[in-house]
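Step one of this worksheet: look at the structure below.
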There are 2 protein chains.
Amino acid sequence: MEKQQSGLIGRPRGFDADEALERAMLVFWEHGYEGASTAILTNAMGISTTSMYAAFGNKEKLFRRVLERYTEGPSAYLARALEEPTALHVATAILAGTVRTTTRPAHPHGCLGVQSALTTSDSGQEVRDLLVAWRNNGYCCIQERFQRAVDEGDLPPQTDPGLLARYLTTFAYGIAVQAASGVGRDELRKMADAVLRNWPLI
Amino acid sequence: MEKQQSGLIGRPRGFDADEALERAMLVFWEHGYEGASTAILTNAMGISTTSMYAAFGNKEKLFRRVLERYTEGPSAYLARALEEPTALHVATAILAGTVRTTTRPAHPHGCLGVQSALTTSDSGQEVRDLLVAWRNNGYCCIQERFQRAVDEGDLPPQTDPGLLARYLTTFAYGIAVQAASGVGRDELRKMADAVLRNWPLI
DNA sequence: CAGCTTCTGTAGCGATCGCTGCGGAAGTTG
DNA sequence: CAACTTCCGCAGCGATCGCTACAGAAGCTG
């Protein structure tokens with residue numbers, strides 16, 4: 001049911017699944033996983049409930065697809081940042097990307113991966129765990145990158161890459177909360193700059 | 001209906017409102033505002049729906065009472081921290097209190113004021129705004145305290161108290177997210193210590 | 001065209017949401 | 001004791017939740 005698995009036979013889909021995902025992402029981003037009802041979602045996607053379930057399975061699977069899209073879209077700055085040549089460049093790119101993405105005009109403020117399901121009812125536990133794993137994956141990638149920086153002599157040998165990655169992600173999560181609370185881009189950027197002036201700090 | 005306004009006439013309340021509030025706080029803390037259904041709440045409080053509505057008005061008013069209780073209870077470390085003699089002592093007490101409160105065993109992890117309503121459906125907007133104001137109030141208190149520290153010569157005169165308060169709260173929010181994600185107390189404390197070794201940083 | 005597969009609009013499923021009317025039970029006052 | 005006030009368990013309100021059965025419409029293949 002997910003996609004045309006038996007070829008191109010039959011009536012083709014009457015909507016752009018990619019654009020529907022984009023609009024669903026904005027709704028989840030703003031209202032969170034449980035705060036986004038199927039009615040609001042399908043209305044924003046411009047399709048009927050039936051079409052949404054035929055194309056994506058159910059609400060949780062739709063959210064998983066949205067999270068993939070978010071990772072490769074608004075949150076892609078993380079993967080790009082890890083390829084920067086030095087740890088300072090990595091940290092700079094991560095904080096700059098966090099501020100930019102969490103305060104983009106005409107987009108929901110904050111980070112979808114942080115605020116979509118920090119707390120849930122019992123029925124949302126799986127999505128909550130999914131996002132915990134998502135955030136933890138980001139942390140692990142940064143940690144490994146900093147470990148490499150230590151190995152290459154880019155960071156002092158006594159540096160704890162895990163603690164440094166924890167420091168950076170903690171700061172990024174905090175920025176996401178501030179942005180979701182309405183704090184402006186300029187103020188957050190000034191703060192991030194100040195943090196980077198004291199790199200690596202730990 | 002809130003309390004016995006006409007004196008002590010009539011049948012007295014059959015439960016301890018204070019303990020009921022405490023239990024409601026734990027439920028909101030763990031599941032968030034919208035994730036905590038009235039059924040779960042009243043079940044945890046050990047009272048019927050009718051009793052809850054008679055004593056507290058409705059779910060939103062119950063949450064407001066819970067937030068007050070949280071401010072004066074688990075989050076009271078903030079008010080105490082502001083009375084510390086120096087800005088460094090203030091920052092140390094705030095971060096230590098944040099780590100302790102967000103990772104207390106047998107309590108929900110994270111901060112109720114951060115994670116209860118970062119995102120909501122339309123019907124939860126007021127509570128979301130309430131928590132934005134709650135966090136902003138904390139920020140303002142810290143800012144004023146740092147302004148005093150500048151005036152007293154405790155902090156360098158070129159220090160921006162607002163930016164420094166933003167830095168500290170950002171870090172505290174990040175700790176709350178990490179704690180809600182399951183990161184342990186020891187690791188967060190080590191990180192907070194490292195941050196404080198470079199005070200004031202900004 | 002016929003025959004087939006797939007999409008989609010309507011309508012509604014059972015469950016749960018926050019909340020309330022009602023009447024008897026329980027504790028107060030005289 | 002009687003009279004009164006308040007509490008509370010039961011039952012259920014209308015609305016919404018995520019989700020689906022059904023049937024006709026639409027586009028594909030021969």
Side-chain angles (χ1 to χ4, degrees), chain A residues 1-20 24 27-28 31-66 116-117 119-128, chain B residues 1-17 19-20 24 27-28 31-66 116-117 119-127:
Chain A
M1 302 292 175
E2 287 267 337
K3 288 222 171 182
Q4 299 104 320
Q5 51 206 10
S6 60
L8 298 167
I9 312 173
R11 175 179 169 183
R13 187 175 284 149
F15 61 94
D16 185 342
D18 217 53
E19 186 175 327
V27 174
F28 278 130
H31 296 291
Y33 175 67
E34 292 190 315
S37 69
T38 53
I40 298 181
L41 281 165
T42 53
N43 187 58
M45 297 164 86
I47 61 179
S48 69
T49 344
T50 320
S51 298
M52 190 275 275
Y53 276 88
F56 301 105
N58 59 25
K59 186 183 172 182
E60 180 179 333
K61 289 179 182 172
L62 172 64
F63 183 80
R64 290 178 185 270
R65 292 284 299 276
V66 160
S116 285
T119 56
T120 62
S121 68
D122 291 337
S123 67
Q125 285 286 350
E126 293 194 11
V127 171
R128 194 177 155 226
Chain B
M1 302 293 173
E2 287 267 333
K3 289 222 170 183
Q4 299 103 322
Q5 52 206 13
S6 59
L8 298 165
I9 313 172
R11 176 179 170 184
R13 188 174 285 152
F15 61 95
D16 185 342
E19 186 175 329
V27 175
F28 279 129
H31 295 292
Y33 175 68
E34 291 191 316
S37 68
T38 53
I40 298 182
L41 281 165
T42 53
N43 186 59
M45 297 163 86
I47 61 178
S48 68
T49 342
T50 320
S51 299
M52 190 274 276
Y53 276 88
F56 302 104
N58 59 25
K59 186 182 173 183
E60 180 179 333
K61 288 179 182 171
L62 173 63
F63 183 80
R64 289 177 185 271
R65 292 284 300 274
V66 160
S116 284
T119 55
T120 62
S121 68
D122 291 337
S123 67
Q125 286 286 349
E126 292 193 12
V127 171

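Residue numbers start from 1 in every chain, and the chains themselves are labelled A, B, ... in the order their sequence lines are given, proteins ahead of strands. Just so it is clear, the structure is predicted and the values come from calculations on it, not from any experiment.
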Below 4.0 Å: OP1/OP2 of C:dT8 and any side-chain N or O of A:S48: no
Proximal nucleotide (of D:dC17, D:dC8, C:dT8) relative to the A:A39 side chain: D:dC17
Note, A:I47 side chain near A:R13 side chain (heavy atom, < 4.5 Å): no
Atom pair distance, as rounded to whole Å: CE in A:M45 and P in C:dC7: 14 Å
Residue mapping more 5' on DNA chain D - nearest nucleotide basis, B:G14 or A:T38: B:G14
Sugar-phosphate, base or nothing in reach of A:T49, heavy atoms under 4.0 Å: base
Any side-chain heavy-atom pair of B:F28 and B:K59 under 4.5 Å: yes
Spacing between B:I47 atom CD1 and D:dC8 atom P, to the nearest angstrom: 8 Å
Flag side-chain contact, heavy atom, 4.5 Å: A:T119 against B:Y33: no
A:Y33 OH - D:dC17 C1' separation (whole Å): 12 Å
Atom pair distance, as rounded to whole Å: CZ in B:R11 and C1' in C:dG24: 10 Å
Sugar-phosphate only, base, or nothing, as touched by A:S37 at under 4.0 Å among non-hydrogen atoms: sugar-phosphate
Any A:T120 side-chain heavy atom under 4.5 Å of A:V127 side chain: no
d(CZ, B:R13; P, C:dA26) in whole Å: 19 Å
Short side-chain N/O contact to C:dC7 OP1/OP2 from A:S51, under 4.0 Å: no
Residue pair B:E126 / B:E60, side-chain heavy-atom distance below 4.5 Å: yes
Residue closer to the 5' end of DNA chain C, B:K59 versus B:T50 (nearest nucleotide): B:K59
Separation of C:dC19 C1' from B:E60 CD (nearest whole Å): 14 Å
Gap between atoms CD1 and P, on A:I40 and D:dC17 respectively (whole Å): 7 Å
Whole-Å gap separating P (D:dA25) and CZ (A:F15): 21 Å
Side-chain N,O (A:Y53) to OP1/OP2 (D:dT20) below 4.0 Å: no
